[in-house]
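Report on the structure given below.
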4 protein chains.
Amino acid sequence: MPAKLPAPESSDTKAQRTRTRILNAAAQVLSVKGYAGTRLTDIADQAELRAPAIYYYFKSREDLIEEVMFCGISDLRTYLQDALDALPPDTAPMDRIMTAVESHLRHELELSDYARASIRNSGQIPGHLKTRQKKEEAAYDRIWRGLMKDAAAEGQIRADLNPPLAQALVLGALNWTAEWWHPRRGSVETMVSNAQVFVKHSLSPVPKKQRTTRRR
Amino acid sequence: MPAKLPAPESSDTKAQRTRTRILNAAAQVLSVKGYAGTRLTDIADQAELRAPAIYYYFKSREDLIEEVMFCGISDLRTYLQDALDALPPDTAPMDRIMTAVESHLRHELELSDYARASIRNSGQIPGHLKTRQKKEEAAYDRIWRGLMKDAAAEGQIRADLNPPLAQALVLGALNWTAEWWHPRRGSVETMVSNAQVFVKHSLSPVPKKQRTTRRR
Amino acid sequence: MPAKLPAPESSDTKAQRTRTRILNAAAQVLSVKGYAGTRLTDIADQAELRAPAIYYYFKSREDLIEEVMFCGISDLRTYLQDALDALPPDTAPMDRIMTAVESHLRHELELSDYARASIRNSGQIPGHLKTRQKKEEAAYDRIWRGLMKDAAAEGQIRADLNPPLAQALVLGALNWTAEWWHPRRGSVETMVSNAQVFVKHSLSPVPKKQRTTRRR
Amino acid sequence: MPAKLPAPESSDTKAQRTRTRILNAAAQVLSVKGYAGTRLTDIADQAELRAPAIYYYFKSREDLIEEVMFCGISDLRTYLQDALDALPPDTAPMDRIMTAVESHLRHELELSDYARASIRNSGQIPGHLKTRQKKEEAAYDRIWRGLMKDAAAEGQIRADLNPPLAQALVLGALNWTAEWWHPRRGSVETMVSNAQVFVKHSLSPVPKKQRTTRRR
DNA sequence: GATGAATGAGTATTCATTCAT
DNA sequence: CATGAATGAATACTCATTCAT
């Protein structure tokens, strides 16, 4: 799977650079206009070439979009995994979750049109384009489930929260930022720290002496 | 306000009933397929008539969609306002927020295709269809801002949260449920109570004495 | 299968007339330009409407062409069968073949663009469009085989001819007329009588006392 | 006459060999897919090079196809002329026709994609590609007309046949074999002898004494 | 009121052709 | 000589929209 990781301008041959330019353009358009609203001519405009040139690199519009969507979720997972692996082994579960929040948000807000495209269109793409994507989504979900489980095992998740639902609410809060956030609303740093505080306390039980009051 | 509020069963003339049927159908399709993916023939199928009939009731596809979107957000606001007005005047700010969470979620998950359509497509609709909608969105936002401000004024919002960002995170968590929630993931009641717990603690400072009641 | 028999201008509703107009136009273009060379806009021009109107009556270009091809061979068979059925029961086999020659030629040369389309394109059409057609072709072939067999049984086919090959040569001579014949080359009547003489003697053994010299 | 006659194995330079490879490939594709269905990439595939390479040897697709078509009919004529010239000067007209039948059929069935291409597409090619071809076709036709005339002059053509029409029927029977013949239907030898018998008797008047030899 | 019939403006896709290398 | 890369012109097909009935 060449060009799986979109390296904005650093590929080898000219052809690979063009291919990447098209992918980047597609990610950009897709993240803004949505699946059904994404037209090849818009992508071509953005990539500064003519629409038929796209067919030199991709078999069809669907293939191109599929690759963008796959890259989006795949990158998200890779970077999250890397971020977690980089933590000291004894990092507390909730701190690992904070790292995950930061990784997710940074990707979504400042790094990647692919992530935004993937996040915003995941629910609108026809099933036959989701084969590879579904696997990555499941893998991404599995990482988060692991984080939640570890946290729960150490009593760091409120007993009155259903972990899968709580996880979905957390990711929802993060995903939705793609719909509204804009640099004018504050720096990414501010966004990250607010989200971290928000998530941490949404999940955490009352700090002290909580263990006994698990069921109200 | 003709047909502004879709009252599925209570219209007068046959014409009004047909108009409502079309609106309902449009809301349904729009909430599932998204703005660019919504075709008049799909709406017509759902409404059990032919596409040209739609033009007897709406000037254009855009007009129809605009009305659905407007109804969605407008309903959301009306019902939220009603729910808040029904609370005892001395209800604590955080309890008012809990009511708002419930109102928003119930609308989104079990009551209204319009709400879902409005929520999921708000970011994909061309600007010229958003004139009326923007006002309603602003009004809806204002209600939430009021709730947050009241809560903050009573020290019920953590100091390390920026209220507007926190509010957006809350609404994001709620809005995103439309993307993933499904009766199989648990009842609406479960969903509501989890969301309430989630939101309350995400916002609340470390409690000195936890007294708030979660059910009104 | 409505419109299977193209009745040039005699259908019931206006819609059926338009459908037939499109079929006729398609048959005409197809018989001249061939499968790959037939463009929907040419058909539309010929039918005096715009290309998208075709989709109101046919699912796709392929569907339309398939129907033309099917009608062509199907008509050919029906008319041949009718012509044979109209003969007195005791008609001699070679006379029945003469009737078949006339039926085939008249169809091809003066009656039907469909027949011409069918004949000239049978070998160039993608397999998946030939499902119905193949059956008709087989049926048409079966009629001719029957004629040949009857003639052979009565010793009216030369012993030094392989009947299937001879049949193919006969039909080849007839089919190819579509490639060159033109009213300027003589009337259809002349064409028919020449073809009949040609075929009769190509097949017939030396008239008298031939039975004993079957093998040279 | 550079590359006019495709001599598959005998060209001088590599360039000429490549040119011939392209022509052969084009003849092959053209004989199968037909004029409008022949794509340069298919030809390139068959010739084991890329489509743009073709432009080094031919000005355009049309030029290439024109040359294939011209070669097809030109070869047919040359070989027929050669075959006739090789006959003893006193060969009977009908025997000369038998030779012509064999020459035509062998070319069409076992020797030349060019002949097949030429025969099958003659009626589908736009007029402006037929300038050279028409001349060759006329010349080929003239040879046959000569054969027919000679036969008629010796009373070897039935009086109830119009010679030009009869000639067209003969060639039709032969040409059409390209549409259906396949080695599975019998050897070329069988095909040839059947066609000879078929043609001879289709044309011949009732014989007084049958003396002609069918094999030269 | 509602529909059948038709159309114009797009939109993905194909293909011959060009051109720099 | 030959190819990789790119494009313009076509072409099938979709869809919102119109209009006579």
Side-chain angles (χ1 to χ4, degrees), chain A residues 13-19 22 36-44 47-64, chain B residues 13-15 17-19 22 36-44 47-65, chain C residues 13-19 22 36-44 47-64, chain D residues 13-15 17-19 22 36-44 47-65:
Chain A
T13 69
K14 189 192 165 206
Q16 283 220 335
R17 275 199 305 280
T18 307
R19 190 186 142 93
I22 293 172
T38 292
R39 290 175 337 241
L40 285 187
T41 52
D42 292 343
I43 295 175
E48 288 178 296
L49 37 70
R50 277 354 103 209
I54 294 171
Y55 287 85
Y56 188 79
Y57 298 93
F58 299 90
K59 226 189 80 205
S60 67
R61 184 189 104 118
E62 294 203 334
D63 256 44
L64 168 56
Chain B
T13 68
K14 188 188 163 210
R17 275 199 307 279
T18 306
R19 189 186 144 92
I22 293 171
T38 291
R39 281 152 19 210
L40 283 189
T41 53
D42 291 343
I43 294 173
E48 289 179 291
L49 38 70
R50 281 346 108 211
I54 294 171
Y55 287 84
Y56 186 81
Y57 299 95
F58 300 90
K59 222 189 81 207
S60 68
R61 183 188 106 117
E62 296 204 331
D63 258 44
L64 168 56
I65 289 180
Chain C
T13 69
K14 189 192 165 206
Q16 284 220 333
R17 274 199 308 281
T18 306
R19 189 186 142 94
I22 293 172
T38 291
R39 289 170 342 235
L40 286 186
T41 53
D42 292 343
I43 295 175
E48 290 178 294
L49 38 69
R50 275 357 102 211
I54 294 172
Y55 288 86
Y56 188 78
Y57 298 94
F58 300 90
K59 226 189 80 202
S60 67
R61 183 189 105 119
E62 294 204 334
D63 257 44
L64 168 56
Chain D
T13 66
K14 188 189 163 208
R17 275 199 307 279
T18 306
R19 190 186 144 92
I22 293 171
T38 290
R39 280 150 22 206
L40 282 190
T41 52
D42 291 343
I43 296 175
E48 291 178 291
L49 38 69
R50 278 349 107 213
I54 295 172
Y55 287 86
Y56 186 81
Y57 299 95
F58 300 91
K59 222 189 82 207
S60 68
R61 183 189 107 119
E62 296 203 332
D63 258 42
L64 168 57
I65 289 180

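The figures that follow rest on heavy atoms only: side chains count, while hydrogens, waters and symmetry mates do not.
- Spacing between atom CG of Leu40(C) and atom P of dA12(E) amounts to 19 Å, rounded to whole angstrom units.
- Taking the 5' to 3' direction, DNA chain F first and last meets chain D under 4.0 angstrom from a heavy atom at dC1(F) to dA5(F).
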Distance-only donor-acceptor pairs under 3.5 Å for side chains of residues 56-64 of chain C, two or more places apart:
{"from": "Ser60(C)", "atom 1": "OG", "to": "Glu62(C)", "atom 2": "N", "distance (Å)": "3.4"}
{"from": "Ser60(C)", "atom 1": "OG", "to": "Asp63(C)", "atom 2": "N", "distance (Å)": "3.1"}
{"from": "Arg61(C)", "atom 1": "NH1", "to": "Thr38(C)", "atom 2": "O", "distance (Å)": "2.5"}
{"from": "Glu62(C)", "atom 1": "OE1", "to": "His128(C)", "atom 2": "NE2", "distance (Å)": "2.8"}
{"from": "Glu62(C)", "atom 1": "OE2", "to": "His128(C)", "atom 2": "NE2", "distance (Å)": "3.4"}

Check the interface with nucleotides 1-3 of chain E: list each N/O to N/O pair with the protein under 3.5 Å, or write none.
{"from": "dG1(E)", "atom 1": "O5'", "to": "Tyr56(B)", "atom 2": "OH", "distance (Å)": "3.2"}
{"from": "dA2(E)", "atom 1": "OP2", "to": "Tyr57(B)", "atom 2": "OH", "distance (Å)": "2.3"}
{"from": "dT3(E)", "atom 1": "OP2", "to": "Arg50(B)", "atom 2": "N", "distance (Å)": "3.0"}

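- Considering CZ of Arg17(D) and NZ of Lys14(D), their distance stands at 8.5 Å, rounded to 0.5 Å.
- In this structure, Ile54(A) CD1 and Thr41(A) OG1 are separated by 8.5 Å, a value rounded to the nearest 0.5 Å.
- Take the nearest nucleotide of DNA chain F for Arg61(C) and for Ser60(B): the residue whose nucleotide is more 5' is Arg61(C).
- Paired regions of DNA chain E, where each region holds three or more successive Watson-Crick or G-U pairs whose two hydrogen-bonding distances fall under 3.5 Å, are E:2-21 with F:2-21.
- Take Ala53(D) and apply the side-chain contact (heavy atoms from CB on, under 4.5 Å) test, not counting sequence neighbours, and it matches Leu49(D).
- Here the closest heavy-atom approach between residue Ala44(B) and residue Ala51(B) is recorded as CB-N, 3.5 Å.
- Of all heavy-atom pairs spanning Ile22(B) and Ala47(B), the tightest one is CA-CB, 4.1 Å.
- In terms of the side-chain contact (heavy atoms from CB on, under 4.5 Å) criterion, residue partners of Ala36(C) (sequence neighbours excluded) are, by chain and number, Ala36(D).
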